[in-house]
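Here the structure comes first, spelled out in structure tokens, and everything after it is commentary.
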Amino acid sequence: MRLAHATLSRKLSSSACINQSIKNVVVIGGGLMGSGIAQVAAQSGQNVTIVDLDRKVVEKAQNAINTSLQRVAKKLFKDDLAKADKFLTNSMSRLMLSTNPEEAVGQSDLVVEAIVEKLRIKQNLFKTLDTVAPTHTIFASNTSSLPIGEIAEATQRKDRFVGLHFFNPVPVMKLLEVIRIPETSDDTYNRVMDWGKSVGKQTVTCKDTPGFIVNRLLVPYMMESVRLLERGDATARDIDTAMKLGAGYPMGPFELLDYVGLDTSKFIIEGWAEKFPENPLFKPVPTLNRLVEEGKLGMKTGEGFYKYQKK
Ligand SMILES: CC(=O)CC(=O)SCCNC(=O)CCNC(=O)[C@H](O)C(C)(C)COP(=O)(O)OP(=O)(O)OC[C@H]1O[C@@H](n2cnc3c(N)ncnc32)[C@H](O)[C@@H]1OP(=O)(O)O
Ligand SMILES: NC(=O)C1=CN([C@@H]2O[C@H](COP(=O)(O)OP(=O)(O)OC[C@H]3O[C@@H](n4cnc5c(N)ncnc54)[C@H](O)[C@@H]3O)[C@@H](O)[C@H]2O)C=CC1
């Protein structure tokens with residue numbers, strides 16, 4: 001009887017949740033993207049827990065969010081300091097820190113994963129969370145390039161699994177790519193589309209295909225830029241200047257590679273080269289591999305294609 005009662009209450013709670021909007025968000029990964037995703041959810045009025053392996057990383061994320069929120073507050077309430085301060089305090093009050101993903105997801109409506117771009121690590125994380133997260137909780141990956149279907153393989157909740165691909169810097173870039181797999185339910189899709197708009201993003205939808213829309217076009221362009229450099233056709237600085245002044249890009253490809261992170265860029269192209277060895281667009285790039293091997297990951301380590309002032 002107790003079991004039936006428990007099952008009934010889970011069913012009721014999950015069906016009741018279907019009508020509820022997403023209020024409790026857990027972001028796993030407190031790096032470049034995780035901190036941005038946590039920020040836009042917190043500033044939009046949601047309760048957010050940001051999780052990473054290491055307490056120092058989540059505290060660093062909290063500081064980065066605070067700094068970024070000050071820029072947003074200044075823009076939103078330029079001549080009303082009291083309102084700007086209230087916005088900042090309220091947003092930060094909705095942000096919790098954790099290094100325990102299993103515990104953090106206990107009350108979640110949505111889990112957004114933004115950890116390292118490695119399929120096995122993402123699968124292991126979701127496999128573990130699938131056993132402890134509430135039945136109604138939606139799982140989403142912010143992966144740049146991995147198949148959402150393969151990440152979802154690790155769980156029993158493919159109907160509640162999507163890709164939610166944000167862009168860097170998350171507080172500024174307006175786009176959110178929403179990727180559904182064949183098993184994604186209409187209710188899940190509709191709820192994450194509404195959620196994406198609630199955090200201020202314009203959503204587009206794409207099939208579960210390598211790189212979805214933007215990265216499928218952007219990453220080969222960035223790799224081709226490095227090949228142009230390797231041939232000695234032009235310097236990195238001139239290639240960046242050319243693309244900013246000639247194509248109106250806000251950043252050139254080398255500035256962007258340093259901004260995105262050379263490690264993430266390498267993981268993306270490596271994954272595609274492995275799956276599609278015959279596609280010349282996905283050929284790995286020796287200079288990128290060398291810089292990553294030397295620990296030069298871009299802005300986040302102070303040097304990539306360019307050197308940066310340590311903050
Ligand atoms: C790899 C993947 O999977 C997918 C990806 O993300 S691919 C990468 C996609 N992103 C891009 O292509 C970024 C291209 N670059 C840009 O858009 C711009 O260079 C940039 C927004 C990053 C910086 O813009 P900028 O004009 O050079 O510098 P800056 O003046 O500091 O910022 C411009 C505005 O954005 C705001 N801003 C910039 N970074 C911010 C942040 N982290 N938080 C909050 N606000 C920020 C600033 O406050 C500023 O606003 P105001 O001018 O109104 O004060
Ligand atoms: N860097 C970018 O411009 C963009 C990256 N992405 C994607 O977002 C994801 C994260 O990328 P970044 O934020 O750039 O990486 P990052 O390296 O800045 O952050 C990744 C974080 O994940 C943490 N982490 C790793 N394994 C973990 C685990 N098992 N549990 C909890 N935390 C763990 C790391 O400690 C690190 O803090 C990747 O899948 C990437 O492809 C998506 C859009 C843009």
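Atoms within each ligand, like the ligands themselves, are counted from 1 in listed order. Values reported hereafter were calculated over all heavy atoms of this structure, with side chains retained and with hydrogens, waters and symmetry mates removed. For the single chain, residues carry numbers from 1 onward in sequence order.
Proximity of a side-chain donor or acceptor of Glu177 to a complementary backbone N or O of Phe212 within less than 3.5 Å is not detected.
Ligand-side atoms of ligand 2 in range of His165: 42 (C), 43 (C), range being under 4.0 angstrom from any heavy atom. The atoms of ligand 2 that sit less than 4.0 Å from any heavy atom of Val57 are 37 (O). The Asp52 neighbourhood of ligand 2 comprises atoms 21 (C), 22 (O), 23 (C), 32 (N), 34 (C), 35 (O), 36 (C), 37 (O), with distances under 4.0 Å to a heavy atom of that residue. Short contacts between ligand 2 and Ile28, defined as distances under 4.0 Å to a heavy atom of the residue, involve ligand atoms 31 (C). Every atom of ligand 2 with a heavy atom of Thr143 under 4.0 Å away is listed here by number and element: 39 (O). Ligand-side atoms of ligand 1 in range of Phe167: 4 (C), 5 (C), 6 (O), range being under 4.0 angstrom from any heavy atom. With ligand atoms numbered from 1 in the order given, ligand 1 contributes 2 (C), 3 (O), 4 (C) to contacts under 4.0 Å with heavy atoms of Asn215. Near Thr264, meaning under 4.0 Å from any of its heavy atoms, are these atoms of ligand 2: 14 (O), 40 (C), 41 (O). For ligand 1, the atoms lying closer than 4.0 Å to a non-hydrogen atom of Val172 are 21 (C), 35 (O), 36 (C), 37 (N), 38 (C), 39 (N), 40 (C), 45 (N), 46 (C).
A salt bridge links Glu150 with Lys275: the distance from a Lys NZ or Arg NE/NH1/NH2 to an Asp or Glu carboxylate oxygen falls below 4.0 Å.
Of the listed options Met222, Lys75, Glu177, Lys75 places a heavy atom closest to atom 50 (O) of ligand 1. The heavy atom nearest to atom 15 (O) of ligand 2, considering only Lys300, Met173, Lys56, is found in Lys300. Looking at Gln70, Met33, Arg71 and measuring to atom 38 (C) of ligand 1, the nearest heavy atom belongs to Arg71. Taking each of Lys60, Glu113, Glu117, Met33 in turn, the one with a heavy atom nearest to atom 4 (C) of ligand 2 proves to be Met33.
Under a 4.0 Å heavy-atom criterion, Gly261 is not in contact with ligand 2. Proximity of Lys122 to ligand 2 is established by a heavy-atom distance of less than 4.0 Å. Judged by the shortest distance from any of its heavy atoms, Tyr259 lies inside the 4.0 Å radius around the atoms of ligand 1.
At a 4.0 Å heavy-atom cut-off, ligand 2 does not touch Phe167 at all.
The protein atom (non-hydrogen) at minimum distance from atom 18 (O) of ligand 2 is Leu32 N, 3.0 Å.
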